[in-house]
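None of the values given here were measured: they were computed from a predicted structure.
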Amino acid sequence: MEGISLSAVTNANHLLKKDHRNTNTPYEAQRDFASVLKESMNKVNETQMASDDLTTKLVNGEDVELHSVMIASQKASVTMQATLEVRNKVVEAYQEMMRMSI
């Protein structure tokens, strides 16, 4: 069983530490952010699908260890909770910006 991949976080960190002399255009920044977001959502989806697959195998009586199913289920749960928290913070930040007067 694989551990939780932090490649999306590493990729985001790499984008944040880019050389500031090479200023991105707004389009490039949007594209980079979108790619990091898409990659992160794909990782969450993969974790959920792996958990579902192991649960289905266990229910069907296939040779799957119960602890593997439980670990996969908890990984899926934690990644989903973290994703929801990040989404909530982004929405909160957006709402705060919309309340600012110019």
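Closest approach of Asp32 and Ser35 over heavy atoms only: O-OG, 2.8 Å. Of all heavy-atom pairs spanning Gln48 and Thr79, the tightest one is NE2-OG1, 4.5 Å. Here the closest heavy-atom approach between residue Ala72 and residue Ser51 is recorded as O-CB, 3.7 Å.
Between the CD atom of Glu92 and the CD atom of Glu85 there is a distance of 10.0 Å, given to the nearest 0.5 Å. One finds the NE2 atom of His67 at 5.5 Å from the CD1 atom of Ile71 (value rounded to the nearest 0.5 Å). Taking CD from Gln74 and CD from Gln81, the interatomic distance works out to 8.0 Å, rounded to the nearest 0.5 Å. Note that CG of Asp53 is 11.5 Å distant from CG of Leu58, once rounded to the nearest 0.5 Å. Once rounded to the nearest 0.5 Å, the distance linking CG of Asn42 with CE of Met49 reads 10.0 Å.
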For this session: Check the pair Arg99 / Gln95 against side-chain contact (heavy atoms from CB on, under 4.5 Å), numbers first and verdict last.
Result: CA-CA 6 Å; Arg99 283 191 289 258; Gln95 290 172 342; 4.2 Å; yes

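Under a hydrophobic clustering in which Ile, Leu, Val, Met, Phe, Trp and Tyr are joined whenever their side-chain heavy atoms come within less than 4.5 Å, directly or via other members, Val90 and Tyr94 fall into different clusters. When hydrophobic clusters are built by joining Ile, Leu, Val, Met, Phe, Trp and Tyr residues whose side-chain heavy atoms come closer than 4.5 Å, directly or via intermediates, Met70 is grouped together with Leu54.
Other cluster members for Met80: Val44, Leu84, joined by side-chain heavy-atom distances under 4.5 Å among Ile, Leu, Val, Met, Phe, Trp and Tyr.
Between the side chain of Ser40 and the backbone N or O of Val36, at least one donor-acceptor pair lies under 3.5 Å.
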